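Proteins get letters first, then strands, A, B, ... in listed order; numbering begins at 1 in each. Not measured: the values here are computed from a predicted model. Below, each value reflects all heavy atoms present in this structure, side chains not excepted, and no hydrogens, waters or symmetry copies.
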Amino acid sequence: MTNDTLLHPTDTDLLAYIDGEVSSIDAQRIAEHMRTCDTCLSTHDRFRACSTSLEDFVGSQVPTAPSSAAAVRRVRPPRLAIVPRDNERRWYTRPSLRAAIIVVGFSAATLAVTPVRGWVIELFRSMGGSAPETVASQSLQLPSAPPIPPLASSSLVSFEPHRGEFTVDFTRSQTRGTLTITAVTGTQATGRIADRGLDDALLVTDSGFRVRNGETTTASYVFGVPSSVTEFIVRVDNRIVLRGTWAQLTNRGKVEIDFAH
Amino acid sequence: MIDVAAQFHAHHEGLLRYLTALTADPDLASDAAQEAFIRLNERPPATSTHLRAWLYRVATNYVIDAARVTARRAELAAHNMDLGEVASGSSPDGELVRSERNALVQSALASLRPGERAVLLMRAQGFAYREIADALEIPMNSIGAIGARGLRKLSARLAPMEAQLR
């Protein structure tokens, strides 16, 4: 600000004065000027009132506040939501077909990603209120750096070797599902649960999860109206360790993945 | 290493308020906020200083790109209010007056250029000029001029409308 313009500060000067973005000397000069200049004082007051209205306005924009670490920031309704009717029994819920899918899926995964080493996948399912039963586990040999296998239509899990253990619990109804990750690793890792819809949008939980050495961390992902075309992804240290489609989840199940240390 | 969860808790709500005010489109605002945090997780900035400004920049650019791609102007048009009814009807309670005033502000914001709007909304959230300049990637010495221009336009539109509300 030059001495000439201080006689009448510009609107820019007045705004900077209001925002505390002027030096203390210039602030003092502007304040002294406004004691004797109604025009500049009026502009100053108008700017202040307008600023207050803006602050109130922004403060009134109420976003969907995230809750705790388990919050979902937003659920995007899938474009082709397929919600089973109450009395409809989808083909993949039939026990015989489901068993066949599991066998085919494991066989395909084994053939596609051999040799694999050092991890055991156990798939539990519970029917209704009965306790989960261990389905036949399979020890596979992991190569040192296997590629991420593509998501086969019948495969619940695709994986990449990582240190640690992760347990995934899931529950699902027609309108709501919950995926819970319990992780214990031998080292630090950062994970994230995401959901990918038809338009390839990724929904990201606010927390992901972070595991520290020896500790157990639980992160939950709650989603609405699961769709048969929506894929869920669990990443650890930004690598996909678990993925599948919601349609492949039955009412309740459990996946344990024990990675090589 | 950036603690994305901590940054989310610190900045998400404010960012979403800013984006909602900027776009008047909750879905677009949510998309933009989401994009900012996804980017922070997947392609974080080289330095962790000025992260708030970085998040606002990513989100603001997303909004600008979205508008360009979809050829859609954020629908910040004035709510068609019959101010005569407000003036002559029964006395509105505090909540109604507040929502009407917010509608006026939103309508007035629509008359601003995107840059003016962004500067004023960030300023309303307590951003310093340096942060605004960093977020919007414009020279710091332009912030005052852009803000003053926007406020002049805003106050010119708000004054007569607010007078009718009284």
*By a 4.5 Å heavy-atom criterion (distance strictly below it), what part of A:Leu14 contacts chain B: side chain, backbone, both, or neither?*
neither
*Rounded distance (nearest 0.5 Å) linking atom CG of B:Leu151 with atom CG of A:Asp11*: 9.0 Å
_Selection from B:Ala29, B:Ala124, B:Ala6, B:Ala128 maximising heavy-atom pairs under 4.5 Å formed with chain A_ = B:Ala124
_Note, B:Asp31 side chain near B:Tyr62 side chain (heavy atom, < 4.5 Å)_ = yes
*Is the closest side-chain heavy-atom distance between B:Met122 and B:Glu131 below 4.5 Å?*
no
*With a 4.5 angstrom heavy-atom cut-off, could you sort out which part of B:Arg152 is near chain A: side chain, backbone, both or neither?*
both
*asked:* Distance alone, cut at 3.5 Å: any donor-acceptor contact between the side chains of A:Gln61 and B:Tyr18?
replied: no
